[in-house]
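A quick write-up on the structure given underneath.
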Amino acid sequence: MVQDFSHVTVLGVPFINTTQKAFLTAIESRITARHNTFIVTANPEIVMYAREHPDYQNILAGADYITPDGIGILKGAAIIGTPMSERITGYDTMLSLLSWGNRNDKSVYLVGAKPDVISDVARVVATQYPHLKVVGTHDGYFQDFNPIAADIEVQQPDMVFLAVGFPKQEQLIAQYRHQNDGLWMGVGGSFDVLSGHTKRAPKFFQNHHLEWFYRLITEPSRIGRMMVLPKYLKAVKKSVRQSK
Ligand code: UDP
């Protein structure tokens with residue numbers, strides 16, 4: 001864990017407590033200095049998964065930054081009595097870094113999502129960020145990550161975005177990050193959104209902290225995954241009672 005920000009620990013997971021802007025400034029200077037950096041953007045689902053999987057908890061402990069991705073984390077922090085500044089989502093962080101990379105001639109390696117999605121992502125990135133060097137792309141349905149990691153080692157990109165969903169993306173990053181001293185970040189379903197295959201919630205839903213509700217009505221099959229939220233809030237409240 002890099003100690004340049006204060007932390008708020010929610011159910012054992014230490015989140016950085018800062019603004020998106022300050023966070024980006026710190027990350028950009030680390031990338032420029034080629035400091036090996038592992039970012040996890042975590043939501044309640046990840047926190048609950050880590051509670052039940054010590055291996056994954058260990059992986060989180062080895063990350064440099066864990067950001068609050070999701071209003072549930074901010075709610076949890078408020079319940080504990082240590083409110084946090086703001087959400088720092090994987091998708092917004094990735095977009096900001098792509099744009100910064102474009103302005104500063106940086107390079108990126110993109111791995112994840114279905115083959116048609118990643119090829120659309122490559123097209124979108126080439127059009128919207130023409131000065132950013134895309135030094136490699138691969139879909140997320142590989143059998144073996146070793147050849148991809150070997151290529152990343154050869155290319156030495158400034159940033160690697162891995163969009164294969166949790167826990168796999170963090171497991172792979174923890175295992176392979178030392179093959180490239182750049183930024184490594186798991187970005188979940190972000191390539192589906194960037195390519196236009198999935199729509200992000202309209203601004204109204206985002207501004208009213210109802211992104212989760214938008215996802216639920218557009219992708220009802222996620223109901224099972226979302227049932228973790230009430231359990232998470234219950235566990236946070238219990239942790240407060242136990243600490244008194
Ligand atoms: N995915 C992948 N390889 C796999 C499993 C999933 O590339 O073996 C991709 C999937 O196509 C999707 C992303 O990983 O683009 C996971 O998206 P999801 O919305 O589940 O992630 P979240 O943002 O909720 O973590």
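We count ligands from 1, going down the list as the structure has it; atoms in each ligand are counted the same way. We count residues from 1, following the sequence as given.
Every atom of ligand 1 is numbered from 1 in the order shown, and the set under 4.0 Å from a heavy atom of Ala163 is 7 (O), 9 (C), 13 (C), 14 (O). Close contacts between ligand 1 and Lys168 involve ligand atoms 8 (O) [criterion: under 4.0 Å to a heavy atom]. Taking a cut-off of under 4.0 Å to the non-hydrogen atoms of Arg222, the atoms of ligand 1 that pass are 19 (O), 24 (O). The atoms of ligand 1 that sit less than 4.0 Å from any heavy atom of Asp192 are 12 (C), 15 (O).
By the 4.5 Å heavy-atom criterion applied to side chains, Phe145 and Val111 are counted as neighbours.
Taking only nitrogen or oxygen atoms, main chain and side chain alike, Gly140 reaches within less than 3.5 Å of ligand 1. Some N or O of Gly189 is nearer than 3.5 Å to an N or O of ligand 1, by distance alone.
In this structure a side-chain-to-backbone donor-acceptor pair under 3.5 Å is missing from Asn43 to Gly72. Side-chain N or O atoms of Trp184 include one that pairs as donor or acceptor with a backbone N or O of Arg177 at under 3.5 Å.
No more than 12 heavy-atom neighbours from other residues, nucleotides or ligands sit within 6.0 angstrom of NZ on Lys114. Annotation for Lys168: atom NZ counts as buried by contact number, over 12 foreign heavy atoms lying within 6.0 Å.
For Thr82, the side-chain contact (heavy atoms from CB on, under 4.5 Å) test picks out Val8, Ile80, with sequence neighbours left out.
Atom 13 (C) of ligand 1 has its nearest heavy-atom neighbour, among Gly188, Ser190, Gly90, Gly112, in Gly188. Distances from atom 10 (C) of ligand 1 to the heavy atoms of Phe166, Tyr91, Tyr141, Phe142 put Tyr141 nearest.
Under 4.0 angstrom from ligand 1, the non-hydrogen atoms of Arg215 all belong to its side chain.
Residue, atom and distance of the protein heavy atom nearest to atom 7 (O) of ligand 1 are Ala113 N, 2.9 Å. Among all non-hydrogen protein atoms, the one lying nearest atom 20 (O) of ligand 1 is Arg225 NH1, 3.0 Å.
Taking the six-membered ring for Trp and thresholds of 30 and 60 degrees, Tyr56 and Phe166 have ring planes inclined between 30 and 60 degrees apart.
Gln20 and Arg87 share no donor-acceptor pair across their side chains, judged by distance under 3.5 Å alone.
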